Amino acid sequence: MTTELFVDVEPKEVSLAVVEDKTLVEFHQESRNMAFSVGDIFLGRVHKVMPGLNAAFVDVGHEKDAFLHYLDLGPQFLSQQAYLKQLSSNRKKAPMPLGKFRMTPDIPKDGLIADILTPGTDVLVQIAKEPINTKGPRLTSEISIAGRFLILMPFGDKISISSKIKSQEEKIRLKQLMMSITPKGYGVIVRTVAENKGSAELDNELKVLLKRWDDMMLKLQTLESKPPKLVYEETSRTVVLLRDLLNASFEHIYVNNSETYEEIKAYVSLIMPEKAGIVELYKNDIPIFDHFGITKQIKSGLGRVVSIKAGAYLVIDHAEAMHVIDVNSGNRTRSEEGQEMNSFIVNMSAADEIARQMRLRDLGGIIVIDFIDMDDNANRQKLYDHMREIMAGDRAKHNILPLSKFCLMQITRQRVRPQTFIQTAEVCPTCFGKGEIRPSILFTDMLETKIDYLVNKLGKKKCTLRLHPYVAAFIEKGGFFSLKWQWRRKYDRCLKIVPSQAMTFLQYAFYDTSGEEIDLKEEMEIK
């Protein structure tokens, strides 16, 4: 299997696409202004304690208070609070090493949050789940700092090994190694990618993680402003994805932004120097996702109806905490071996696509799959085993239940971010679904009016016009006497036309030389 990563950096958002054997398997799209990310650490302030929920609402700067349950405080919560108090009282001295700090007893597992927290208390918390729909972030006080091979757990004392490492000899070796190099006052989780790694690599990463913790404590000690305050920011989404995914199967990483390119290249050179050459800067005018055929896969794979093979298809519907997937055979040709075998073949193909869709859309919560009915218990067991096998590589925690007698399968899957939702049906950008538009033959006249305004009123010397590929082809047709040639001659060659598959039929957008979109409607209103 070969893996490729494509990074599309736009002024307002960043999109990441992971492709395995030319098939899109993961897609992430995030605003560049988003202030919350899983892994960020805040000094927050308790706003309200809810004894009935055994939880507290904490102000971390979000419009909605974040949720902190008693079970997420962590056994060493009181030690953490005592350490924070000591930091604030000794601002002139260097933070005390955790190895010299006297830990307090663990809090009881069945305790009450009202006995520990009161409104106004400052707490060190980490984002465990990003804000989803109307809910604020979900928090934990069990602070962890993740690296490629290790996860550092301050105030802990346990060395845990990933359950995905199967070799008992390797587990024993890693545990003994980490016990010998981990300082007192810290716990460590050894990740799967650490298997067969040497002591030098693990020791170097442990030192980096310890340095991050020390820097965070120094920042906390010197804070002047009141909470909420961000004290540790997780690395960019691209780097986090690489940290979790990068392996020998990666062949190419394409980035269309020079700053992000340098960031990724530096990180890959650090963790896998032999792979530094796979990072490439994409410089073509055609949008990166269009050039590599990713836009088409997004449009065809993220709608409500998803085609499988030979006429079969899935229908995917979403609710607040549940996703329902219906498997349909459609107009698929019947198998010569009968209805049972036909249902089995469709269901097995559907399972492959459903596993991909869960990764692609990052579906979480409860997922109910309505497979086509099968009477043979052996076929049901094969389908269940197949689903478990193909989801084994899913990084999100999940649990799969066997099929019911109605051929329903229930899956629970971890959700830490809002699901990916892409509107694949195109609404007319001119009439907005009303059914009436201006004459399309006048569309190019309107574009020329906009170009004239850009050049003669705003003084733009160079700009890029993105259009639907069909419209771009129409403007460029005619060769030497095409509309494109006439405009470039009339307006001193200021215009570059770029076809974009992401545009709807009569949609258009102007961009300046820095890549920022020019809002002509707003500009013309101001003028």
Side-chain angles (χ1 to χ4, degrees), residues 38-39 41 71-84 86-87 94-109 124-126 128 140-218 220 231-232 234-235 239-240 242-248 267 270-273 395 397 414:
V38 171
I41 300 174
L71 296 176
D72 294 321
L73 292 178
Q76 279 292 322
F77 179 75
L78 294 180
S79 296
Q80 182 176 295
Q81 289 296 98
Y83 189 79
L84 288 177
Q86 188 179 79
L87 280 179
M96 178 187 290
L98 281 186
K100 296 182 180 180
F101 179 73
R102 186 176 180 181
M103 300 289 181
T104 60
D106 292 357
I107 63 174
K109 292 183 179 180
L124 191 65
V125 290
Q126 189 167 27
T140 177
S141 283
E142 288 193 272
I143 305 300
S144 63
I145 303 176
R148 177 163 170 77
F149 305 123
L150 308 172
I151 299 175
L152 183 68
M153 306 287 291
F155 301 100
D157 58 0
K158 293 182 180 179
I159 307 296
S160 303
I161 311 296
S162 169
S163 59
K164 292 184 179 180
I165 298 177
K166 302 301 181 184
S167 170
Q168 287 301 318
E169 292 81 2
E170 180 63 9
K171 285 185 175 182
I172 293 171
R173 183 190 75 87
L174 288 170
K175 189 160 189 173
Q176 290 176 343
L177 172 60
M178 295 313 303
M179 288 177 68
S180 66
I181 64 175
T182 304
K184 184 181 177 183
Y186 299 91
V188 168
I189 298 173
V190 180
R191 308 183 76 173
T192 309
V193 290
E195 188 172 10
N196 299 320
K197 296 299 178 182
S199 58
E201 290 177 283
L202 299 182
D203 186 47
N204 288 338
E205 181 162 282
L206 181 61
K207 288 177 181 177
V208 171
L209 299 180
L210 289 169
K211 178 68 165 56
R212 290 180 188 172
W213 169 257
D214 291 339
D215 291 344
M216 185 171 67
M217 292 301 99
L218 188 61
L220 269 174
V231 294
Y232 173 78
E234 183 61 282
T235 50
V239 171
V240 170
L242 280 174
R243 184 184 69 197
D244 296 341
L245 282 181
L246 190 62
N247 55 45
Y267 183 75
L270 178 67
I271 64 172
M272 290 185 75
R395 291 179 295 119
K397 294 178 182 178
Q414 181 186 30

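Because the structure is a prediction, the values reported are computed rather than measured.
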Which pair of non-hydrogen atoms, one from [X] and one from [Y], has the smallest distance, and what is that distance?
X      : Y      : answer
Ile165 : Glu170 : CG2-CG, 4.0 Å
Thr192 : Ser162 : OG1-OG, 2.7 Å
Met178 : Ile159 : CB-CG2, 3.7 Å
Ser199 : Leu177 : CB-CD1, 3.5 Å
Gly185 : Leu98  : O-CD1, 3.6 Å
Gly74  : Ile107 : O-CD1, 3.4 Å

At what distance, to the nearest 0.5 angstrom, does [atom1] of [X] lie from [atom2] of [Y]?
X      : Y      : atom1 : atom2 : result
Leu202 : Ser180 : CG    : OG    : 10.0 Å
Leu78  : Met103 : CG    : CE    : 12.0 Å
Tyr83  : Leu220 : OH    : CG    : 9.5 Å
Thr182 : Leu152 : OG1   : CG    : 8.0 Å
Arg191 : Ser160 : CZ    : OG    : 13.5 Å
Ser167 : Arg173 : OG    : CZ    : 9.5 Å

Verdict with supporting geometry, Asn204 and Glu201, side chain to side chain contact (heavy atoms under 4.5 Å, CB included): CA-CA 5 Å; Asn204 288 338; Glu201 290 177 283; 5.8 Å; no

Under 3.5 Å: donor-acceptor pair, side chain of [X], backbone of [Y]:
X      : Y      : result
Thr140 : Asp72  : yes
Gln80  : Leu124 : yes
Gln126 : Ile41  : no
Tyr232 : Trp213 : no
Arg148 : Leu246 : yes

Ile189, Val190, Ile145, Leu174 screened by side chain to side chain contact (heavy atoms under 4.5 Å, CB included) with Leu150, the one that passes: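 Single side chain to side chain contact (heavy atoms under 4.5 Å, CB included) partner of Leu150 among Ile189, Val190, Ile145, Leu174: Val190.
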
Flag if over 12 foreign heavy atoms under 6.0 Å of NZ, Lys164: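 Yes, NZ of Lys164 has more than 12 neighbouring heavy atoms, counting only those of other groups under 6.0 Å.
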
Heavy-atom neighbours of Lys175 NZ exceed 12 at 6.0 Å: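 Incorrect, the count does not exceed 12.
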
Side-chain donor-acceptor pair present, Ser79, Gln76, cut-off under 3.5 Å: yes

With Asp203 via side-chain contact (heavy atoms from CB on, under 4.5 Å) - residues at least two apart: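 So Asp203 forms a side-chain contact (heavy atoms from CB on, under 4.5 Å) with Ile181, Lys207.
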
Would a 4.5 Å heavy-atom cut-off, applied to side chains only, mark [X] and [Y] as touching?
X      : Y      : result
Lys197 : Glu205 : no
Ile172 : Glu169 : no
Pro183 : Leu206 : yes

Trace of the side chain to side chain contact (heavy atoms under 4.5 Å, CB included) decision for Arg243 with Ile271: CA-CA 8 Å; Arg243 184 184 69 197; Ile271 64 172; 5.8 Å; no

